[in-house]
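The model shown is predicted, which means the values in this text are computed figures rather than measured ones.
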Amino acid sequence: MRLVIETADTLRSIGTFDLFDFDPINARAGVGVMIYAESDMGQGYAASAIEVGVDYCFRVLGLHQLYANVAADNRPSLALFRKMGFEVVAEKKDWIRCGNSWQTEFMLTRINK
């Protein structure tokens, strides 16, 4: 499921919130957020989208756990997910191929309590 993130005033599409790997048996799913333009980053759009998306997943879909995968060098995204109640539970070393090198990725989760 992909939700489009729009500005409230002009309804300009600026990003997406994704729900993937939906597992109803274990009541969990993966989430991700992307803001397209650097000029729209840091404006609170991603945080608002995560807040609405998490609420929907927990309250409407009845999920118990959400997870996000974030590249280790994406400090703004790591900080955002932590701010939104996610915690790092795994470090996946050399997980992402970047040309001739490898990059580490973190898995963060948030449990519905």
How long is the span from the [atom1] atom in [X] to the [atom2] atom in [Y], to the nearest 0.5 Å?
{"X": "Gln65", "Y": "Ile111", "atom1": "CD", "atom2": "CD1", "value": "3.5 Å"}
{"X": "Thr109", "Y": "His64", "atom1": "OG1", "atom2": "NE2", "value": "9.0 Å"}
{"X": "Ser48", "Y": "Gln43", "atom1": "OG", "atom2": "CD", "value": "11.0 Å"}
{"X": "Arg75", "Y": "Asp73", "atom1": "CZ", "atom2": "CG", "value": "8.0 Å"}
{"X": "Ile50", "Y": "Leu66", "atom1": "CD1", "atom2": "CG", "value": "10.5 Å"}
{"X": "Leu78", "Y": "Leu108", "atom1": "CG", "atom2": "CG", "value": "6.0 Å"}

Which atom names give the shortest non-hydrogen contact between [X] and [Y], and what distance separates them?
{"X": "Ile96", "Y": "Glu105", "answer": "CD1-OE2, 3.4 Å"}
{"X": "Lys92", "Y": "Asn69", "answer": "NZ-OD1, 2.9 Å"}
{"X": "Phe106", "Y": "Ala72", "answer": "CE1-CB, 3.5 Å"}
{"X": "Ala27", "Y": "Gly62", "answer": "CB-O, 4.1 Å"}

Is there a continuous path of hydrophobic side-chain contacts, each under 4.5 Å between heavy atoms, that joins [X] to [Y]?
{"X": "Tyr67", "Y": "Leu19", "answer": "no"}
{"X": "Val54", "Y": "Val89", "answer": "no"}
{"X": "Val31", "Y": "Trp95", "answer": "no"}
{"X": "Phe81", "Y": "Phe20", "answer": "no"}

Give a yes or no answer on whether the side chain of Ser101 reaches the backbone of Cys98 with a donor-acceptor pair at less than 3.5 Å.
yes
Under 3.5 Å, side chain of Asn26 to main-chain N/O of Arg28, donor-acceptor pair present?
no
Within the structure provided, determine whether [X] and [Y] are in side-chain contact (heavy-atom separation under 4.5 Å).
{"X": "Val33", "Y": "Tyr45", "result": "no"}
{"X": "Phe22", "Y": "Leu63", "result": "yes"}
{"X": "Met84", "Y": "Glu51", "result": "yes"}
{"X": "Arg110", "Y": "Phe58", "result": "yes"}
{"X": "Val52", "Y": "Phe17", "result": "no"}
{"X": "Tyr36", "Y": "Thr16", "result": "yes"}
{"X": "Met107", "Y": "Val70", "result": "no"}
{"X": "Glu38", "Y": "Asp40", "result": "no"}

Any side-chain donor paired with an acceptor under 3.5 Å for Asp94 and Gln103?
no
